[in-house]
Participant: 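Dropping the structure in here first, questions after.
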Amino acid sequence: MNLKTCAIRSAALYFTADPFLVGAAAAYHYESDALIIHENGKIKSFGNYDQEKIKLTPDCSLITYKDSLVLPGFIDTHTHYPQTQIIGAFGSQLIEWLNNYTFIAEQQFNDFDYAKKVADFFLEQCLKAGTTTVMTYCTVHPASVDAFFQSASEKSMRVIAGKVLMDRFAPEALLDSSAQEGIDQSVSLINKWHGKDRLSYAITPRFAPTSTHEQLESAGALWKKYPGTYIQTHVSENLGELNWVRELFPNHKDYLDVYDHYGLLGKGAVFGHGIHLSEREWMRLYETNSSIAHCPTSNEFLGSGLFDFAKAKLNGRPVHVGLATDIGAGTSFSQLQSMNESYKIAQLNGFALSSIHAFYLATLGAAESIGLSDKIGSLKPGMEADLVVLDLKSTPLIDFRMSHCKDIEEALFIQMILGDDRATKAVFVNGELSYEKKLT
Ligand code: GUN
Ligand code: ZN
């Protein structure tokens with residue numbers, strides 16, 4: 001067999017531990033001159049160029065990147081591909097925004113061809129931003145899931161996605177006609193897509209208010225029946241939403257307890273937002289190994305509130321947190337921009353989020369929060385070869401600022417505060433060059 005082997009020479013960095021727990025310095029591995037050899041979609045070796053170059057073979061094509069940094073491809077742990085067309089919709093907070101914009105746009109996704117066009121565009125935007133894995137909501141329509149998985153499969157991407165379950169409080173055209181119909185469609189989609197290529201299925205009750213008791217119960221039963229699938233939903237994003245949940249579910253301790261009651265907490269359950277959680281809810285997330293997707297640009301855009309890193313990570317019961325764009329309430333595909341806004345949110349909450357914390361949240365931290373850290377989120381040998389090559393001088397301002405930079409942690413901070421998708425020089429997916437910035 002003619003093995004295809006490729007190698008990259010560049011500065012490179014990946015995380016080996018959670019910096020919130022071990023401190024920044026002990027959390028990452030940086031090589032200022034690294035050689036990364038990958039073969040058949042997997043990383044074969046990683047190390048210092050001078051020490052590793054003996055491993056280069058004549059059939060190995062070596063690409064050298066200067067003024068660059070190779071990182072694991074960014075991971076986006078919460079997004080809505082069908083909302084690409086409503087990014088930047090003016091003027092409202094969560095519930096009004098859902099009714100005025102989201103629930104209108106999502107009605108178009110019963111059309112496979114339309115959904116496929118949007119899915120293709122969405123994933124191209126992800127790659128352009130250096131994001132190689134997303135966990136996304138589709139719409140209530142099975143065609144929206146088929147379109148998304150087909151698009152991801154054509155691009156060899158590792159993704160998680162699922163059909164939204166809703167059987168109340170949304171327009172008729174977006175409702176499952178019965179709780180059972182939503183479950184039957186989910187089962188068909190799991191059988192069709194889960195475990196195929198690099199695709200995984202997420203059972204997706206949108207959020208507690210738009211599902212009846214019966215639907216939440218059947219979602220929990222479905223998850224039990226298909227271990228290895230995921231749960232994705234929203235929790236504690238907006239104060240109006242919290243009041244609504246209290247009215248609809250008066251017998252529960254709090255918002256998270258609604259999901260707990262229906263068996264929707266556990267490893268593989270990813271809850272978007274988690275801004276207004278009580279200590280009891282944080283403890284329950286920790287005890288059940290559930291995860292939070294932190295969506296900074298969305299939280300600012302919808303005026304939802306300030307995520308609290310100290311509560312999430314530093315109370316002796318650290319919860320898995322992954323960074324997320326939450327397109328289309330989120331305003332950028334770029335996880336660098338998510339980091340930028342996350343830093344500012346943390347500042348407003350009295351927490352100084354270092355570059356090491358921020359890049360961890362978009363790579364290894366995100367992979368841990370979606371249970372995939374044995375496959376993606378790092379550059380260790382054996383990992384899947386999903387890589388982003390950042391241009392460290394992507395704009396004149398960044399170039400100038402970098403000339404006054406003392407070390408790698410500051411370099412990362414400059415990139416996350418000033419950088420965006422212009423910083424993506426190249427992206428490798430499963431070992432293949434999938435995006436390359438055009439020279440202007
Ligand atoms: N809560 C329920 N659905 C949504 C959604 O589509 N976006 C956001 N940001 N929050 C939600
Ligand atoms: Zn969301």
Side-chain angles (χ1 to χ4, degrees), residues 76-89 91-109 118 122 134-141 144 148 160-171 174-176 202-211 215-216 219 230-245 248-249 255-256 258-259 264 269-277 291-305 307 321-333 338 341 345 366 369-370:
D76 183 348
T77 58
H78 178 120
T79 186
H80 300 252
Y81 95 83
Q83 296 175 16
T84 306
Q85 67 205 58
I86 55 157
I87 293 175
S92 37
Q93 292 216 349
L94 177 63
I95 304 302
E96 206 187 34
W97 176 85
L98 285 172
N99 288 321
N100 290 349
Y101 301 112
T102 315
F103 290 162
I104 312 292
E106 291 194 4
Q107 293 186 39
Q108 288 177 268
F109 287 76
V118 178
F122 171 90
V134 294
M135 180 162 186
T136 188
Y137 291 60
C138 300
T139 65
V140 73
H141 317 98
S144 73
F148 184 79
I160 306 168
K163 172 201 131 62
V164 163
L165 295 167
M166 284 200 283
D167 64 351
R168 63 175 176 175
F169 297 129
L174 287 185
L175 294 181
D176 293 305
I203 297 161
T204 308
R206 180 174 215 117
F207 67 155
T210 47
S211 286
Q215 185 163 63
L216 291 171
Y230 292 84
I231 292 289
Q232 61 180 347
T233 188
H234 298 82
V235 75
S236 207
E237 175 180 3
N238 167 285
L239 292 174
E241 171 203 18
L242 258 71
N243 287 334
W244 195 22
V245 170
L248 293 171
F249 300 92
Y255 196 161
L256 194 77
V258 176
Y259 296 130
L264 298 171
V270 182
F271 295 90
H273 306 289
I275 299 170
H276 310 286
L277 295 170
S291 300
I292 289 288
H294 166 45
C295 311
T297 70
S298 164
N299 297 163
E300 291 171 321
F301 185 74
L302 293 181
S304 303
F307 185 74
V321 177
L323 195 64
T325 62
D326 194 28
I327 300 294
T331 52
S332 174
F333 279 82
S338 298
E341 300 310 322
I345 285 172
S369 77
I370 56 174

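If you're wondering where the values come from, they're calculated on a predicted model, not measured in any experiment. Counting starts at 1 for both ligands and their atoms, in listed order.
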Participant: Of all the non-hydrogen atoms in the protein, which one sits nearest to atom 7 (N) of ligand 1, and at what distance?
Facilitator: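 That would be Trp97 CZ3, 3.5 Å.
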Participant: Which atoms from ligand 1 have a heavy atom of Glu237 less than 4.0 Å away?
Facilitator: 1 (N), 8 (C), 9 (N), 10 (N), 11 (C)
Participant: Go through ligand 1 atom by atom and flag the ones less than 4.0 Å from a non-hydrogen atom of His80.
Facilitator: 5 (C), 6 (O), 7 (N)
Participant: Could you tell me whether some N/O pair between Thr102 and ligand 1 is separated by less than 3.5 angstrom?
Facilitator: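 In this structure, Thr102 places no N or O atom under 3.5 Å from an N or O of ligand 1.
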Participant: Taking only residues two or more places apart in sequence or in another chain, which ones pass ring pair (Phe, Tyr, Trp, His ring centres under 6.0 Å) with Phe122?
Facilitator: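 Phe122: ring pair (Phe, Tyr, Trp, His ring centres under 6.0 Å) contacts with Phe333.
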Participant: Angle class for the Tyr137/His78 ring planes (parallel below 30°, perpendicular above 60°, tilted otherwise)?
Facilitator: tilted
Participant: Looking at non-hydrogen atoms alone, which of His273, Glu241, His234, Glu106 comes nearest to atom 2 (C) of ligand 1?
Facilitator: His234
Participant: May I ask you to identify, for Thr210, whether its side chain, its backbone, both or neither come under 4.0 Å of ligand 1 on a heavy-atom basis?
Facilitator: neither
Participant: Closer than 4.0 angstrom, basic N to acidic O: yes or no for Lys163 and Asp176?
Facilitator: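 Salt bridge between Lys163 and Asp176, a charged N being under 4.0 Å from a carboxylate O: yes.
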Participant: Give the minimum heavy-atom separation between Met135 and Tyr230, together with the two atoms involved.
Facilitator: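 Distance-wise, the nearest heavy atoms are CE-CB, 3.8 Å.
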Participant: Which of the numbered atoms in ligand 1 are under 4.0 angstrom from any heavy atom belonging to Asp326?
Facilitator: 8 (C), 9 (N)
Participant: Between the candidates Arg206, Met166, His78, which shows the shortest non-hydrogen contact distance to atom 6 (O) of ligand 1?
Facilitator: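 The nearest heavy atom belongs to Arg206.
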Participant: Excluding waters, how many protein N/O/S atoms sit closer than 2.8 Å to the Zn ion (ligand 2)?
Facilitator: 4
Participant: Could you grab the distance from atom OG of Ser304 to atom CD1 of Ile275, nearest 0.5 Å is fine?
Facilitator: 5.0 Å
Participant: Mind running side chain to side chain donor-acceptor pair (under 3.5 Å) on Thr297 and Glu341 for me, showing each step along the way?
Facilitator: CA-CA 6 Å; Thr297 70; Glu341 300 310 322; over 6 Å; no
Participant: Holding to side chain to side chain contact (heavy atoms under 4.5 Å, CB included), I want the full list of residues that pass it with Phe103, two or more places apart in sequence or in another chain.
Facilitator: Leu98, Asn99, Met166, Ala170, Pro171, Leu174, Arg206
Participant: Holding to ring pair (Phe, Tyr, Trp, His ring centres under 6.0 Å), I want the full list of residues that pass it with Phe301, two or more places apart in sequence or in another chain.
Facilitator: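 Once residues adjacent in sequence are excluded, Phe301 has no partner under the ring pair (Phe, Tyr, Trp, His ring centres under 6.0 Å) criterion.
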Participant: Test side chain to side chain contact (heavy atoms under 4.5 Å, CB included) on Leu242 and Val245 and set out the steps.
Facilitator: CA-CA 5 Å; Leu242 258 71; Val245 170; 5.8 Å; no
Participant: Between His276, His273, Gln93, which is the residue that forms a side-chain contact (heavy atoms from CB on, under 4.5 Å) with Glu237?
Facilitator: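 When side-chain contact (heavy atoms from CB on, under 4.5 Å) is applied between Glu237 and each of His276, His273, Gln93, only His273 qualifies.
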